[in-house]
A.B. asks: 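Structure in structure tokens, see below.
Indexing begins at 1, ligand by ligand and atom by atom, following the structure's order.
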Amino acid sequence: MMSKKLFIETLGCAMNVRDSEHMIAELNAHEGYELTDKADEADLILVNTCSVRERPVHKLFSELGVFNKLKKEGAKIGVCGCTASHLGKDIIKRAPYVNFVLGARNVSKITDVLHRDKAVEIEIDYDESQFAFKDFRTSPYKAYINISIGCDKQCTFCIVPKTRGDEISIPPELIIAEVQKAADGGAKEIFLLGQNVNNYGRRFSGNEEKVNFTELLRRVSAVEGVERIRFTSPHPLHMDDEFIEEFARNPKICKSMHMPLQSGSSEILKAMKRGYTKEWFLNRAAKLRELVPNVSISTDIIVAFPGESEADFEDTLDVMRQVRFEQVFSFKYSPRPLTEAEGFTNTVDSEIGSHRLSTLQAYQDTILDSISASLLGQEVDVYFEELRSDGYVAGRSDNNVLVKVKGSEEWLGQTARVRIIDVSRSVQYGEIVA
Ligand code: SAH
Ligand code: F3S
């Protein structure tokens, strides 16, 4: 029998990547779907959407139109993820050929909506924190594992709490069982996922033993076969000493930390309801750099949030100057429906926003040039996980430097010592020394 084919496009964050893996697993185990990378051959086309900024939402509808034209006779189209959560049945109104809409907190219902034409499942308090998903992993070398669903913060710019709902931690024993299974399957690197990982343990749906994130990290690192642990995203507010010290002390935790700054101005941080000040952020970053000299720190920054003055923007540049982030993801503020900041009237002129964004990016480039220059000649341990088509294998150092080396698949899943022989802002080239 010919198997049914599934084409899936995944936009947005790592959480979406994992949600897609869950949907692929469920559809394969219960409905016999196999993945294809050709949309025109698929019996089911899924778009797993992101709604954090506005542009992807516009793109979604034109893209759905393209899928509708090229799809096979009788093939279905489903819209999943955060945009599905917040637009709901309006998606089917705007694009009537869409067969179902499945919200970001309703992933486990994928095999159900598949059989109900025009189904819309976007229940925001649905609890799938203990759902036993079937298994599928895109990479055998690195395992994404969810530790919580939803987000309890109310950052005024962010739509995520409205699309993914309240935060519920997944019970520690389920997480550890999944880590063990992934490690048994050969994944030496475990990537823990949540919107606010270091808030872990505040709320479980059952009467769970109260385990915090630091304790969870200890338990994950005790699992046999686990060599590297990464996680995203922690929140700077919850970076207490205990957490930073465990991060520094535990050799299995990769020395790369994401610290989403958003703004360097304490005034703007207050308007964003981030819960920390410029000084707190600088203090935490300094503590990290002190305890972990080779740590790499990445961040997210929003420019032109309502009310941001030139002086506020200068504060952001000042934090960049002091912390010298190894990686900066920067965005111009985009007003989102269902958020508090959508109603703020003190908006910043769009051209000023664009100008600030390019000023910030140009400044970060000068920092990156000096960071990458200092990498030349250094030796780092790289865990190879990706075969590139240009005769290279790629992987990351413990502190998240992306390194490419001439080589073939024999290196995949292996760790090797590499000397950096050529550098650029985003990827470094190396040769294996041992
Ligand atoms: N807790 C998640 C946040 C997801 S949103 C995390 O820390 O990864 C990812 C990033 O998108 C945020 O950190 C923020 O910098 C950016 N972002 C969120 N809402 C935005 C908006 N309305 N406009 C511009 N950027 C936004
Ligand atoms: Fe969004 Fe803030 Fe949560 S950025 S995902 S509301 S921590």
A.B. asks: Within a distance under 4.0 Å of any heavy atom of Pro161, pick out the atoms of ligand 2 and give their elements.
C.D. replies: 6 (S)
A.B. asks: Give the numbers and elements of all ligand 2 atoms closer than 4.0 Å to a heavy atom of Arg274.
C.D. replies: 2 (Fe), 4 (S)
A.B. asks: Answer with yes or no whether Asn196 contacts ligand 1, where contact means a heavy atom under 4.0 Å from a ligand atom.
C.D. replies: no
A.B. asks: Do any nitrogen or oxygen atoms of Pro260 come within less than 3.5 Å of a nitrogen or oxygen of ligand 1?
C.D. replies: no
A.B. asks: Is there at least one pair of N or O atoms, one from Arg53 and one from ligand 1, spaced under 3.5 Å apart?
C.D. replies: yes
A.B. asks: To which protein heavy atom is atom 3 (Fe) of ligand 2 closest, and what is the distance rounded to 0.1 Å?
C.D. replies: Cys151 SG, 2.3 Å
A.B. asks: Do the side chain of Ser108 and the main chain of Phe131 share a donor and acceptor less than 3.5 angstrom apart?
C.D. replies: no
A.B. asks: Might you work through the side-chain hydrogen bond (donor to acceptor under 3.5 Å, both in side chains) test for Asn399 and Ser256, ending with a clear yes or no?
C.D. replies: CA-CA 5 Å; Asn399 63 350; Ser256 111; over 6 Å; no
A.B. asks: Would you tell me which option among Gln195, Lys153, Glu342, Met272 has the nearest heavy-atom contact to atom 3 (C) of ligand 1?
C.D. replies: Gln195
A.B. asks: Closer than 2.8 Å to atom 2 (Fe) of ligand 2: does that hold for any N, O or S atom in Cys158?
C.D. replies: no
A.B. asks: Which residue is it: Tyr200, Tyr144, Phe213, Phe191? I am looking for the one with a ring-ring contact (aromatic ring centres under 6.0 Å, His included) to Phe231.
C.D. replies: Phe213
A.B. asks: Can you report which non-hydrogen protein atom sits closest to atom 20 (C) of ligand 1, along with the distance?
C.D. replies: Val52 O, 3.7 Å
A.B. asks: What is the closest protein heavy atom to atom 2 (Fe) of ligand 2, and at what distance does it sit?
C.D. replies: Cys155 SG, 2.3 Å
A.B. asks: In a check of side chain to side chain contact (heavy atoms under 4.5 Å, CB included) between Val401 and each of Val423, Asn294, Leu375, Val427, which one passes?
C.D. replies: Leu375
A.B. asks: Which of the numbered atoms in ligand 2 are under 4.0 angstrom from any heavy atom belonging to Val160?
C.D. replies: 5 (S)
A.B. asks: When you compare the side chains of His30 and Thr111, does any donor N or O come within less than 3.5 Å of an acceptor on the partner?
C.D. replies: no
A.B. asks: What's the shortest distance from atom 21 (C) of ligand 1 to any protein heavy atom, and which residue and atom give it?
C.D. replies: Ser334 O, 3.5 Å
A.B. asks: May I ask you to identify the nearest protein heavy atom to atom 10 (C) of ligand 1, giving residue, atom name and distance to one decimal place in Å?
C.D. replies: Asp300 OD2, 3.5 Å
A.B. asks: With side chain to side chain contact (heavy atoms under 4.5 Å, CB included) as the test, pick out the partner of Thr299 among Val328, Val323, Val319.
C.D. replies: Val328
A.B. asks: Between Ser169 and Ser148, is there a side-chain donor-acceptor contact under 3.5 Å, judged purely by atom types and distance?
C.D. replies: no
A.B. asks: Do the side-chain N and O atoms of Ser354 and Lys332 include a donor-acceptor pair separated by under 3.5 angstrom?
C.D. replies: yes
A.B. asks: Would you indicate whether Arg94, at its atom CZ, is surrounded by more than 12 heavy atoms from other residues, nucleotides or ligands within a distance under 6.0 Å?
C.D. replies: no
A.B. asks: May I ask you to identify, for Gln262, whether its side chain, its backbone, both or neither come under 4.0 Å of ligand 1 on a heavy-atom basis?
C.D. replies: side chain
A.B. asks: Is a side-chain N or O of Asn198 found less than 3.5 angstrom from the main chain of His235, in a donor-acceptor match?
C.D. replies: yes
A.B. asks: So for Arg164, does at least one of its heavy atoms come nearer than 4.0 angstrom to any atom of ligand 2?
C.D. replies: no
A.B. asks: Enumerate the atoms of ligand 2 whose separation from the nearest heavy atom of Phe157 is less than 4.0 angstrom.
C.D. replies: 4 (S)
A.B. asks: Verify whether one side chain among Ser309 and Asp312 offers a donor that lies under 3.5 Å from an acceptor in the other.
C.D. replies: yes
A.B. asks: Below 6.0 angstrom between ring centroids: does that apply to Tyr97 and Phe67?
C.D. replies: no
A.B. asks: Classify the contact between Phe157 and ligand 1 as side chain, backbone, both or neither, using a heavy-atom distance cut-off of under 4.0 Å.
C.D. replies: both
A.B. asks: Just to check, does Lys332 reach to within less than 4.0 Å of ligand 1 when the distance is taken from its heavy atoms?
C.D. replies: yes
A.B. asks: By number and element, which atoms of ligand 1 are closer than 4.0 Å to a non-hydrogen atom of Ser233?
C.D. replies: 6 (C), 7 (O), 8 (O)
